Amino acid sequence: MPVTETENNRALLDRFHSAVNSHDPATIARAIDEFVAPDVDFRTPVPMDVTGTQALKRVWEVLLRAYPDIHVALEETIAQGDKVVARNTVTGTHLGDYQGLAPTGRSVTYSEIFIFRFDGGRIAEIRGVVDVLAQLRQLGAAEVPA
């Protein structure tokens with residue numbers, strides 16, 4: 001794969017992250033429609049009853065409801081061939097329901113790593129690892145072992 005295509009994939013991911021940091025559901029939905037293949041293979045620790053871009057849109061609906069000020073900071077990206085790996089730090093204030101947990105007003109900071117595979121200039125596959133335990137601990141929903 002030419003370097004230019006690899007760099008294009010990295011640039012597309014940067015534009016996608018800019019959209020998700022807009023806090024605007026319509027902007028995020030448009031970015032998903034533009035940058036993500038409709039049948040994206042979306043694998044994260046969040047079980048869903050929908051697939052493809054609908055699953056990704058649902059994740060962002062849930063996150064924006066829980067953390068209206070959510071921010072995803074790209075800490076590091078590695079691009080090779082048709083893949084881009086992103087290590088992110090996510091911050092937000094818990095102001096809405098999240099996984100059955102009433103708003104706490106607490107701030108959270110947690111890490112995630114995603115591997116994006118591109119095909120035809122769109123995100124075709126997303127595999128992610130999210131530090132949900134750190135998030136739940138900060139919300140007081142999980143105890144820290146002694």
Side-chain angles (χ1 to χ4, degrees), residues 5-119 121-145:
E5 190 168 347
T6 300
E7 290 307 312
N8 286 342
N9 292 342
R10 187 189 302 247
L12 186 147
L13 187 60
D14 287 343
R15 291 196 320 270
F16 181 73
H17 273 96
S18 292
V20 300
N21 283 326
S22 73
H23 308 125
D24 177 42
T27 298
I28 295 168
R30 279 193 306 273
I32 291 169
D33 289 339
E34 180 180 350
F35 301 133
V36 181
D39 61 345
V40 64
D41 184 5
F42 181 53
R43 298 179 190 214
T44 66
V46 181
M48 299 247 156
D49 59 348
V50 294
T51 59
T53 55
Q54 292 309 310
L56 190 55
K57 288 176 183 179
R58 177 91 49 89
V59 164
W60 279 101
E61 289 169 6
V62 167
L63 288 172
L64 286 171
R65 185 172 40 253
Y67 305 103
D69 63 344
I70 194 167
H71 182 78
V72 180
L74 280 169
E75 302 293 348
E76 180 177 17
T77 58
I78 301 168
Q80 181 176 3
D82 63 351
K83 293 190 176 123
V84 178
V85 177
R87 183 178 60 82
N88 306 321
T89 300
V90 181
T91 56
T93 309
H94 183 219
L95 300 176
D97 181 67
Y98 182 69
Q99 297 185 6
L101 183 63
T104 62
R106 294 180 181 178
S107 295
V108 297
T109 300
Y110 60 93
S111 299
E112 59 185 21
I113 297 175
F114 282 92
I115 302 170
F116 299 88
R117 185 180 59 79
F118 292 79
D119 186 19
R122 296 180 94 178
I123 299 169
E125 181 180 353
I126 305 170
R127 294 181 181 262
V129 177
V130 178
D131 191 351
V132 176
L133 183 57
Q135 181 184 30
L136 293 175
R137 283 179 175 161
Q138 293 170 62
L139 295 176
E143 293 187 26
V144 179

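Just so you know, residue 1 is the first one in the sequence shown, and it goes up from there. Since the structure is predicted, the reported quantities are computational estimates derived from the model, not experimental observations.
One distance of note links CD1 of Ile70 with CH2 of Trp60; it measures 4.5 Å at 0.5 Å rounding. Rounding to the nearest 0.5 angstrom, the gap separating the CG atom in Asn9 from the CZ atom in Arg122 is 13.0 Å. If you take CZ on Phe35 and OG1 on Thr53, they are separated by 14.0 Å, rounding to the nearest 0.5 Å. Note that OG1 of Thr6 is 13.0 Å distant from CD1 of Ile78, once rounded to the nearest 0.5 Å. Between Leu101 atom CG and His94 atom NE2 the span is 4.5 Å, to the nearest 0.5 Å. Expressed to the nearest 0.5 Å, how far CD1 of Ile28 lies from CD1 of Ile32 amounts to 7.0 Å.
With contacts defined as side-chain heavy-atom distances shorter than 4.5 Å, the pair Phe42/Val59 qualifies. Put simply, the side chain of Phe118 reaches to within 4.5 Å of the side chain of Ile123, judged on heavy atoms. In this structure, the side chains of Ser107 and Thr91 stay at 4.5 Å or more apart for every pair of heavy atoms. Looking only at side-chain heavy atoms (C-beta outward), Asp119 and Asp82 stay at 4.5 Å or farther from each other. Two residues are said to be in side-chain contact when any heavy atoms from C-beta on lie closer than 4.5 Å; Gln138 and Thr104 fail this criterion. Between Leu139 and Val108 the shortest side-chain heavy-atom distance falls below 4.5 Å.
Judged as a side chain to side chain contact (heavy atoms under 4.5 Å, CB included), and not counting sequence neighbours, the contacts of Ala86 are Leu13, Leu74, Thr77, Asn88, Phe116. Taking the side-chain hydrogen bond (donor to acceptor under 3.5 Å, both in side chains) definition, one finds that Tyr67 meets it with Gln135, sequence neighbours left out. Scanning for side-chain hydrogen bond (donor to acceptor under 3.5 Å, both in side chains) contacts around Glu125 gives Arg117, Arg127, with sequence neighbours left out. Every residue two or more places apart in sequence or in another chain that forms a salt bridge (charged side-chain N to carboxylate O under 4.0 Å, His left out) with Arg43 is listed here: Asp41. Legend: residues meeting side-chain hydrogen bond (donor to acceptor under 3.5 Å, both in side chains) with Ser18, ordered by chain and number and at least two apart, are absent.
Checking side-chain atoms of His17 against main-chain N and O of Ala19 turns up no donor-acceptor pair under 3.5 Å. A donor-acceptor contact shorter than 3.5 Å is absent between the side chain of Glu112 and the backbone of Val90.
Of all heavy-atom pairs spanning Asp131 and Tyr110, the tightest one is O-CB, 3.8 Å.
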Apply side chain to side chain donor-acceptor pair (under 3.5 Å) to Asp69 and Thr93, showing your working.
-> CA-CA 6 Å; Asp69 63 344; Thr93 309; 2.7 Å; yes
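Within the structure, side chain to side chain donor-acceptor pair (under 3.5 Å) pairs that include any residue of residues 23-39 comprise Asp24-Thr27, Thr27-Arg30, Asp33-Lys57 (at least two apart or interchain).
Among the candidates Val129, Val72, Val130, the single residue satisfying the side chain to side chain contact (heavy atoms under 4.5 Å, CB included) test with Phe114 is Val130.
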